[in-house]
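Below, chains carry the letters A, B, ... as their sequence lines are ordered, and counting in each starts from 1.
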Amino acid sequence: MNNWRVDGKGRINRDKRVRFTFDGVSFEGFEGDTVASALLANGVHLMGRSFKYHRPRGPVTAGSEEPNALIGTSRGGSGRFEPNTRATVQEIYEGLTTVSQNKWPSLNFDVGAVNDKLHKLFAAGFYYKTFMWPKSFWDKVYEPVIRASAGLGVSPAEPDADTYASRYLHTDLLIVGAGPSGLAAALTAARSGVDVVLVDEHRELGGSLLSEAPTAIDGKSAESWLAETVAELNAYPNLRVMTRATAIGYYHENMVGVAEKLTDHLAEPPATAPRERMWRIRAQEVILAQGALERPLVFDGNDRPGVMMASAAQTYLNRFGVKVGNAAVVVTSHDSAWYAAFDLADAGVNIAAIVDVRASVSEHLQAEARKRDISIKLEHTVTTVLGKKRVSRVKLGKVSEDGNVSGIGTVSCDTLLMCGGWTPSLHLFSHTKGSLHWDAENEVFLPGEKTERCHIAGGGRGLWSQQAAFDDGVHAAQQALASRGQSAPALSIDVDGDRTGSGIIMEELPSNDDKFARRAFVDFQNDVTAKDIRLAVREGMLSIEHVKRFTTNGMATDQGKMSNMNGLKIAADELGRPAPKVGLTTFRPPYTPTSFGTFAGYHKDALFEVTRKTNIDSWAEENGAVFEPVSLWRRARYFPKTGEGMHGAVARECRQTRASVGMFDASTLGKIEVVGPDAAEFLNRMYTNPWSKLAPGRCRYGLLLGEDGFIRDDGVIGRISNDRFHVTTTTGGAARVLTMMEHFLQTEWSDLDVWLTSTTEQWSTIALNGPNARKILEPFMEGADLSAEAFPHMALRECTVGGFEARLFRVSFTGELGFEVNVPSEHGRALWEILYEEGKKHDMCVYGTETMHVLRAEKGYIIVGQDTDGTVTPVDAGLSWAIGKKKPDFVGKRSLKRPDMLLPTRKQLVGLLTEDPNVVLEEGAQIVEAGDTAIPAKMLGHVTSSYWSETLGRSIAMALLEGGFERNGTSIDIPMPEKTHRATVTGTVFYDPDGERINM
Amino acid sequence: MSKFSALTLLKGALTGYKNVEPQWPDAELKSEYDVIIVGAGGHGLGAAYYLAKEHGITNVAVIDKGWLGGGNTGRNTTIIRSNYLYDESARLYDHAVDLWDGLSQELNYNVMFSQRGVMMLAHNVHDVQSFKRHIHANRLNGVDNVWLTPEQAKEKCPPLNISPTARYPVMGAAFQQRAGTARHDAVAWGYARAAAARGVDIIQNCPVLSIERGPNGAVAGLQTPRGFVKAKKIAVSAAGGTSVVMDTAGVRLPLESYPLQALVSEPVKPIFPQVVMSNTVHAYISQSDKGELVIGSGTDQYVSYSQRGGLPLIEHTIASICEVFPIFRRMRMLRKWGGVVDVTPDRSPILGKTPVQGLYLNCGWGTGGFKATPGSAHVFAHTIAKDEPHPINAPFTLSRFETGRLIDEAAAAAVAH
Amino acid sequence: MTFTTTVETLPTMGRYNLRCKRENTVALSKSLGFDLPSSIGEAARSGTQSALKLGPDEWLLTCPMEERATIRQSLTDVYPEAVHSLTDISSREISIRVSGDQAEELLSTSCPRNLAKLSTGCGVRTIFDSVQVVLMREGDRQFRLDVWRSFAPHVLGLLAVACAEFESGL
Amino acid sequence: MLLIDCPYCKEKLPELEFEYAGQAHIARPEHPAEQSDAEWRDYLFIRSNVRGDHAEQWRHTHGCGRYFNAVRNTVSDKFIATYEIGQPRPTVTKEGEERDEQLES
């Protein structure tokens, strides 16, 4: 298919060709390829443009740390596009379409690249120093231009068509990373019988074993050893292997979040399969075997397509069977790149030179290089890279002892492989707030003190060789088991022909060119150069945290994996301080960017959050109710007949209820059963009202304060028997009230013999209100006389209604004769339908929350949370009568005596009648003195409730008003944008002030 | 100190930036100051700047246990707004907005104050009532804030989901145009540079061990690992660390410190301009000048200084954002971080004098401290200089928790019934 | 593996919330005719009746609907000497049974507890997604969830989505 | 997500079953009416907010339903002890795990 595949190499499936597109051009790869490997196999290196300077870029890595090769991907169809996908991670599948980003009009010719010409102006932090004059230009000119250049890819434009999942998993041991140390740990632990979970972000296990030329392991080729090992691991029932599963975050108490990709590699995913799944794995012990990341070298032109990590070239060759070029120069400060050079040379790549900045390199390596006719340049450096969209030549220089560099000319090549040493991957360890210590000799941070039960193995501890990694993996598993009091036999895995090595760390490659003129990139994606970092330090940014924020180094989508250590080294060099004195920015979750959908899991649409519905809700839905959300419940708001809007429906519901009878689903009201010999005493302490003398069979309004003296909740409380109360709460307050009661009961008054049980959902509650309410109920009563004498207002009975056991309350929230029937929930709808049928004889209506609000407001009954907020006392709300005057104490009583609670200027609940009876004030409208038109105004309060009262043929309102009780009869103004309304302050009872109707 | 301008920038570019100078010196601690401010965040540095500029007090140190701007100043989601309900709060935050507008020019440092507007979504009837209450109060207080229908909200912010069948349908929104965002680090740096230019010492990496009081009970100075420093006045502006510092002066506070988490997505091209907030689903979102979606959530449930925060809260926040913006479900979270916010019982700040002579307090901003930075710093400087509060911060006393005169914005928003 | 785990809603059963102090458990056990379990998570059974200990002073009594009166009467009789709270919650909750080979893993989609630690015959109050449930292990591969009525559709909805996910084999 | 050892259930269980309930050992005054405004303020509002070992209440809401006390380090978030309401704060505590923090983003 092209010239770049190497026969006999790679773990791709050469029997399965896969077609995909990149920027509209169709390409072919093999199953197992990533987009990057497949494009490289087609000779394409240019895959993206950088953020600020729009410089042409190719993949610099072969893994999830890739900063350059970011693309948009889609499987086609609506809602399946996503930006900023790393081409080095995305597997190809038939039908995959990909596009390059941050370019216009095309990747090859990008107008934005003009920024690169102006790079001297765009030094670190330049935007803090300019765009300030003239001031008005900021929002009109500068910021729009800055914003227009923001971002890499484009946002998805349609709702996501996929679903996501999540799962909890508990295990003895979680191993993150299935390279040599992870595999060794897994083998050791699995053989000992403990539960093990092994996760790896790649499509197959093996880690670096997949990328390196064969060593011999236990006398077998690495390939066959790996195959056998994977087979063995898969056979253990106590071991669970997850691939394409990235450990993204390490949370408290050994919980690791693992994002598993399920379908993004499949041409035809199963219909109901989620795209990704978030595993929340709680492990007794965790082994972090994440290896190490190769560090780039910093030199002029190090970002050109064709400049690549040496290990990445090795991966492309050995894992994907792709050679990344035909003629390569290798520049390094570490032995590992030598091995990469050998692998590529053995695969037919012409290695033009190995340029090593070090003066001495092991004889063994040099001999191996000579064997392959590779030119060795010790104490040499690359001073610059030529070629724009692909490397064409590199300039080499000889480094003298004093650091002086003398040019020795250029070498032609199409690829430059670099290696600046290795950085242990301690991201997850860092999430735990584990400390890092600086290994001065190797110039790396290594794990220090731990805060969680975790063990680091292999590359993460700075170990560099297969043998060391295997041994350390075994050791880590033994340690993990030991801390569980178990032991595992030592497992020995012998590596033959192991590649050992060492190296040094450079801040920048030596060069005689002006430090401030070089284009030596540190953060590739964000276009942060070594010069930017040095400049930041000179501007007084003395800590790496300031440097990072000032330059944006490390803030690209690789989150500093490629740039942090080099940035630190350069800042330290500029400051003349050792690196640990300059600091290390902490790594934050997630380890790699993770889809929002994966975090949200199942929580989407109907499953986003619970919607609670009563047993009667289905009837309301069938009968055309309009609903409103009230806390977690949905409640019927009104029941429009054909042609009615809300206003018409509510007016009719009000009329019918006052004239005859209305039926209302009150099931959402909170209910708490308070039982025990001390039940009355408990309520005495909780509520403002007295309870001891309330007789069984009677009920009373109850008012609950917080300890701060402000109203929290209210409701009718009925005494079922001496030791048993039926407490009702507001719909939204049910859970809070029960929690508050339990808190006081368990932590302050554990001496009381009383217990609380939520019965909100035990009962369906049907409220009947209106002069004919009794007529609706009577035919269905067994065991209770409903006459006014036998069953007066505020009485309750346990009885049978319509054949269902019931608790019947005679209460009213409308001012009319009222009953509330509680029957076991599953019978709610049945009883509702029985009563509805009966109601047809009496012009009964059903009504919703809106009519309930109007009817209660006409009577001046408050709704906690609407007519009160968290700043209203019982006195403010006109509820002084509900305070038991003889009670020594109740929750909140002491707070009512604080100086501010006694001020006459507090806001108090009053009624308002507008001068124009047709004006319905807006709830939330503010009130000022009559005639006051100043701005800022002296606001006296606000309208809490306001309705058209069909009963009274005019508008009514309630308001919290400064010194409101004293203002009774005076006028105030309600200034609205279009007009100021005048109103008279009144009492809050607008209808039936003598309360006669309630006693009918 | 040289002035920043396009010209100096050009000069720098042409000369290879060889003559750049530190934006602020890393000062040595002197033995005595007129005023020491504890906490080198935006509030503390700003107060030092205004002390020097408006009150001529320049023998000032700002001292921090870490690097300047390393606390909540550099960890927040940069939202600025002033559409608060109560007169006291509206005045305080609106004072800040007035100062934000022009701060770049004042400091000669581009803080990128961007008045892109803040949209607060109403999802139920109760929200509608509450937001309208805010809007009317704001209008009469001279604070801009208008009501948008769902359609108007969608027109301003196209990715918004206004489907009436959503679990939390958008029933409208309150919109403040003067509100927006600013570049958080630049605020700290700009104040630091401008304060240092007027002679203020910025002392980094120097924890305060204790506040010492003299025989008369008034403040005497600070104990630090670098020795004792005398001070006539001490002003504590240490956010999450305030309780611990104030405790050494014998002042116990009504504060609790909670973790607050925030996150950003990978950067994308501009997709919506505003800040969008939803209190009902507990999430807020804006897009930075770099293109990242900046997302904030509520506080975790337990007090903590660990700055770790839990996964469930983040999961909930993201699920909420995806309900409001279903197109973002395929976006990716890039980085999540945590801050520590100090919260008072009424969730309004304490800003003023303390029972200790010469000791001043600026704390309790909860999740809302960044937006107030210039206003708070300005009136705090006044309070320190004059030993009496500015009229704007006069209500934000410590004594209100004794008298009951709370300024409880959250309680005013009440709860669904 | 073929996915055969099933989710079904059970008919209403008799349920009481029983609360009392430790010193009264003996008297109550005597009245009930079987010993109330003494450790949280444990259940005791007698014929068609069972008691699951949910908290230090709290038991969930279950029985066929028609036997509720018997329990109520026997405990009412003993109230004067052994005070307690007995509250009928039969209708408060809906019971969901999950059974099959992957029942445990299916529940782990939304339940953060380590279900492997829940022995057969035991039960606990816990959380399933955001919903409080009483979760009982009726058998090695069979669980029962008691869910407050209005939360049941959410739980059933999550289980249905999870079943579809398991059926996809991924 | 924390794991919390419920002293009643005697099992370490996920945080999602629990609710935080504020600082522990702040007893409600026996006679609130006799409290001065300042004393009442202290009861209502003043909190230690320690950086280190913190005695606090939790409730095993979605479990046994009981409130209990805990000592937890607010720097590391590690629980040092959990114990029943009414019991005194245990004296055995680990050394505060406070240490210099690196700056973070």
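Most heavy-atom pairs under 4.5 Å with chain A: of the set B/R91, B/E402, B/R400, B/R116, this distinction falls to B/R116. When each of A/E158, A/K135, A/E923 is scored by its heavy-atom pairs under 4.5 Å with chain B, the top score falls to A/K135. Counting heavy-atom pairs under 4.5 Å between each of A/T592, A/D139, A/N526 and chain B puts A/N526 at the top. Contact count versus chain B (heavy atoms, under 4.5 Å) is highest, among A/P629, A/P590, A/A600, A/A937, for A/P590. Between chain A and the options B/T317, B/D289, B/T280, the largest number of non-hydrogen pairs under 4.5 Å is found for B/D289. Residue with the most contacts toward chain B among A/Y127, A/Y142, A/F710, A/W633: A/Y127 (heavy-atom pairs, distance under 4.5 Å). Each of B/D26, B/L406, B/V281, B/N108 has some count of heavy-atom pairs under 4.5 Å with chain A, and the biggest count is that of B/N108. With respect to chain A, the highest number of heavy-atom pairs below 4.5 Å among B/A319, B/C322, B/G291 belongs to B/A319. Among B/I318, B/L334, B/V20, the residue with the largest count of heavy-atom pairs under 4.5 Å with chain A is B/L334. Contact count versus chain A (heavy atoms, under 4.5 Å) is highest, among B/L68, B/V264, B/L311, for B/L311. Taking chain B as the reference chain and counting heavy-atom pairs below 4.5 Å, the highest number among A/S595, A/G597, A/G125, A/S166 is found for A/S595. Among the candidates A/T611, A/T130, A/D160, A/L152, the residue making the largest number of heavy-atom pairs closer than 4.5 Å to chain B is A/D160.
Between atom CD of residue A/Q559 and atom CD of residue B/E266 there is a gap of 9.5 Å, rounded to the nearest 0.5 Å. A distance of 10.5 Å separates CD in B/E409 from CG in A/D869, rounded to the nearest 0.5 Å. Here the CH2-CZ distance, from A/W133 to B/F4, works out to 9.0 Å after rounding to the nearest 0.5 Å. Taking CE of A/M555 as the start and NZ of B/K290 as the end, the distance is 6.5 Å to the nearest 0.5 Å. Considering CD of B/E323 and CZ of A/F608, their distance stands at 5.0 Å, rounded to 0.5 Å. Atom CZ of A/R549 is separated from atom CG of B/D185 by 4.5 Å, given to the nearest 0.5 angstrom.
The parts of B/S320 that come within reach of chain A are both its backbone and its side chain, each placing non-hydrogen atoms under 4.5 angstrom from that chain. Contact of B/D101 with chain A is made through backbone and side chain together, with heavy-atom distances under 4.5 Å. Residue B/F272 touches chain A through its backbone alone, counting heavy-atom pairs closer than 4.5 Å. Proximity to chain B involves both the backbone and the side chain of A/H603, based on heavy atoms less than 4.5 angstrom apart. Proximity to chain B (any heavy atom under 4.5 Å) is restricted, for A/M255, to the side chain, taken from C-beta onward. With a threshold of 4.5 angstrom between heavy atoms, B/A137 approaches chain A through its backbone and through its side chain. If you measure heavy-atom distances from A/F51 to chain B, the contacts under 4.5 Å come from the side chain alone. Looking at B/R405, both its backbone and its side chain come within 4.5 Å of chain A, counting heavy atoms on both sides. With a threshold of 4.5 angstrom between heavy atoms, A/L632 approaches chain B through its backbone and through its side chain.
No salt bridge links A/K938 with B/D87; every basic N to acidic carboxylate O contact stays at or beyond 4.0 Å. A salt bridge links B/R330 to A/D162: at least one charged side-chain nitrogen sits closer than 4.0 Å to a carboxylate oxygen.
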TODO: Any chance you could lay out the side chain to side chain contact (heavy atoms under 4.5 Å, CB included) test for A/E539 and B/R193, step after step, and finish with the verdict?
DONE: CA-CA 11 Å; A/E539 292 209 43; B/R193 182 170 180 271; over 6 Å; no

Task: A/R280 vs B/E315, side chain to side chain contact (heavy atoms under 4.5 Å, CB included): CA-CA, chis, key distance, verdict - done: CA-CA 12 Å; A/R280 307 172 187 112; B/E315 291 175 334; 3.0 Å; yes

Task: Test log, rule side chain to side chain contact (heavy atoms under 4.5 Å, CB included), inputs B/Y86 and A/T871 - done: CA-CA 12 Å; B/Y86 289 122; A/T871 68; 3.5 Å; yes

Task: Criterion side chain to side chain contact (heavy atoms under 4.5 Å, CB included) on A/R637 and B/V125, from CA distance to verdict - done: CA-CA 10 Å; A/R637 192 174 183 191; B/V125 174; 3.6 Å; yes

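Between B/H316 and A/E609 the shortest side-chain heavy-atom distance falls below 4.5 Å. Contact of the A/R147 side chain with the B/S114 side chain is not registered, since no non-hydrogen atoms from C-beta on lie closer than 4.5 Å. Looking only at side-chain heavy atoms (C-beta outward), A/T557 and B/E292 stay at 4.5 Å or farther from each other. At a threshold of 4.5 Å between non-hydrogen side-chain atoms, the residues A/M541 and B/Q23 count as touching. No side-chain heavy atom of A/M939 sits under 4.5 Å from any side-chain heavy atom of B/H136. A/Q866 is listed as a side-chain neighbour of B/Q129, based on a closest heavy-atom distance under 4.5 Å.
The aromatic rings of B/W24 and A/H546 sit perpendicular, their planes meeting at an angle over 60°, well past the 30° parallel limit.
Side chain of B/Q105 to main chain of A/M132: a donor-acceptor pair is present (N/O by atom type, distance under 3.5 Å, no hydrogens or angles). No side-chain donor-acceptor contact under 3.5 Å links B/N141 to the backbone of A/P936. Between the side chain of A/W138 and the main chain of B/F113, a donor-acceptor pair closer than 3.5 Å is present. Although no hydrogens or angles enter the test, the distance criterion places a donor-acceptor pair under 3.5 Å between the side chain of A/N84 and the main chain of B/P267. A donor-acceptor contact shorter than 3.5 Å links the side chain of B/R308 to the backbone of A/Y251.
Within 6.0 Å of atom NZ in B/K269, more than 12 heavy atoms from other residues, nucleotides or ligands are found, so the atom counts as buried in its surroundings.
Listed by chain and number, the residues in a side-chain hydrogen bond (donor to acceptor under 3.5 Å, both in side chains) with A/Y128 are B/R183 (sequence neighbours excluded). Partners of B/S265 under the side chain to side chain contact (heavy atoms under 4.5 Å, CB included) rule, at least two apart in sequence or in another chain, are A/F596, B/L293, B/M331.
Looking only at atom types and distance, the side chain of B/R332 has a donor-acceptor partner in the side chain of A/T85 under 3.5 Å away.
Residue A/E922 forms a salt bridge (charged side-chain N to carboxylate O under 4.0 Å, His left out) with just one option from B/K132, B/R139, B/R133, and that option is B/K132.
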